[in-house]
Amino acid sequence: MALALRERDDKLKEFTRSKIMESERLALIGQLSANIAHELNNPLQGIVTYSHLLLEDLPRDDPARDSLEKIVIQADRSRDIIRGLLDFSRQRKPDKTLCDVTNVLKDCVSLLEKQALFHNVQITTNLDERLPLTVIDPSQVERVFINMIVNAADAMDGNGKLNLATRFDPVDNCIEVEITDTGHGIPKENLDKIFDPFFTTKDTGHGVGLGLAISFGIIKEHKGTISVESEVGKGTTFIVRLPVTTEEESPKDDQSV
Ligand SMILES: Nc1ncnc2c1ncn2[C@@H]1O[C@H](COP(=O)(O)OP(=O)(O)O)[C@@H](O)[C@H]1O
Ligand SMILES: [Mg+2]
C-alpha cells in the first residue's frame, strides 16, 4: 500500500516537473517569438502600407496588378501572424473600433467552414442581424471565436452539430455570443482548469492549452466575461458577453488594467 502511494507520489512529482519544464520551455518560446515579432513589426508595417498605396494608384488594367494584389494579401497575412504573436505575449495594444459582433462571428465561420475539420460539422446559426455596434478590437475578438469554434470541432472529432448565436441583452446592455457543440463535453473537475495557461487534454502537437487562456485575457481586457456550460457526452456551450460601448477607453481605464 505504502509502496503504491510512494510510486504514485513519484509519478506526480515527475509529472509536475515535466509540466513545469514544458511551461518554461513554452514561456521561453513565447519570449523569443515575441522578440522576433517585435523586430519584424515595423518593417512589415512599411511593406503593408506601401503595397496598399501602390495598389490604390495602379491603373485597373495594369499587368502588374495581379502580382501586386498577391503581395498585398500575403503582407496582410504576415501582419496578422505578427499581431497574433504580439497578442500572445501581450505586447500589442488593442486596436479598438466600432464593430458589429455578428459580422465578426460570420467572418470566422467563412474562414473556417472550408477547412477539412469542418467538412462533417453541421453549422447552424441564430444571428441577430441588428445588434447594436460596440467598440472592440475585431481581430482579437475574432481570435477568441476562432479558438472556441476550433475547440468545438475538436471536441466533436470533426463530426457533429455546431450552433452559433448572437443576441443583445438590454438589461445588462451587453452582447451575448453563444457557441454550442455536441462534442464530448468537459468533466466537472476540469471546468475550473480550462482557462489555465497550458491546460490541454489534447495530444502533443494538437494543443498547447493557450487558446482559452489568451481568450480569457482578451475578453477581460474588453471588460466582458466568458462562461461555460457542459455535460459529458452531450456537449458544451461557451458564452461570451461583451458590454455595449461607443466610447474608446479613457486613459484612466487603461491604467487600471
Ligand atoms: N468545446 C469544448 N468541448 C470540450 N472540451 C473543451 C472545449 N473547449 C475547450 N475544451 C477543453 O479545454 C482545454 C483547453 O482549451 P484551449 O485553451 O483552447 O487549449 P487547446 O485547444 O490547445 O487544448 C482543451 O484541451 C479541452 O480539454
Ligand atoms: Mg484551443
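These values consider heavy atoms only, across backbone and side chains, with no hydrogens, waters or symmetry-generated copies. As the structure is a prediction and not an experimental result, all values here were calculated from the model. Position 1 is the first residue of the sequence, and the numbers go up from there. Start at 1 and go down the list; that is how both ligands and their atoms are numbered.
- Among protein heavy atoms, the minimum distance from atom 21 (O) of ligand 1 is reached at Lys202 NZ, 2.7 Å.
- Taking CG from Asn151 and NZ from Lys202, the interatomic distance works out to 4.0 Å, rounded to the nearest 0.5 Å.
- Remark: ligand 1 atoms within the under-4.0 Å shell around heavy atoms of Asn147 are 18 (O).
- Side-chain atoms of Asn163 come within 3.5 Å of backbone atoms of Thr124 as a donor-acceptor pair (strictly under, hydrogens ignored).
- The closest approach between a heavy atom of Phe238 and any atom of ligand 1 is below 4.0 Å.
- If you put the vertex on the Mg ion (ligand 2), OD1 of Asn147 and OD1 of Asn151 sit 110° apart, to the nearest 10°.
- For atom 3 (N) of ligand 1, the nearest non-hydrogen atom of the protein is Ala155 CB, 3.2 Å.
- Remark: side-chain polar atoms of Asp100 are paired, donor with acceptor, to backbone N or O of Thr102 under 3.5 angstrom.
- Rounded to the nearest 0.5 angstrom, Thr182 OG1 and Leu162 CG are separated by 8.5 Å.
- Contact annotation for Val150 and ligand 1: no heavy atom of the residue comes within less than 4.0 Å of the ligand.
- Tested against Lys106 for a salt bridge (Lys or Arg N to Asp or Glu O under 4.0 Å), the candidates Glu142, Glu129, Glu113 yield a single pass: Glu129.
- With hydrogens left out, the protein atom closest to atom 13 (C) of ligand 1 is Phe199 O, 3.9 Å, a heavy atom.
- Of the candidates Leu212, Thr180, Ile194, it is Leu212 that places a heavy atom closest to atom 17 (O) of ligand 1.
- Interatomic distance, CD1 of Ile214 versus CG of Asn147, reported as 8.0 Å (0.5 Å rounding).
- With rounding to the nearest 0.5 Å, the separation of CG in Leu133 from OG1 in Thr246 is 9.5 Å.
- With atom 6 (C) of ligand 1 as the reference point, the heavy atom nearest to it among Asp154, Asn151, Ile186 is part of Ile186.
- A donor-acceptor pair under 3.5 Å links the side-chain atoms of His119 to the main chain of Lys114, judged by distance alone.
- Looking at Asp181, Thr200, Ile179 and measuring to atom 1 (N) of ligand 1, the nearest heavy atom belongs to Asp181.
- Of the possible polar contacts, one joining the Thr166 side chain to the Asp128 backbone as a donor-acceptor pair under 3.5 Å is found.
- Neither the backbone nor the side chain of Met148 comes within 4.0 Å of ligand 1, counting heavy atoms alone.
- At least one heavy atom of Gly185 sits under 4.0 Å from some atom of ligand 1.
- In this structure, the side chains of Cys108 and Leu111 stay at 4.5 Å or more apart for every pair of heavy atoms.
- Atom numbering of ligand 1 starts at 1 in the shown order; those under 4.0 Å from a heavy atom of His184 are 4 (C), 5 (N).
- Given atom 22 (O) of ligand 1, the protein heavy atom at minimum distance is Gly209 N, 2.9 Å.
- In terms of protein heavy atoms, atom 24 (C) of ligand 1 is closest to Thr201 OG1, 4.0 Å.
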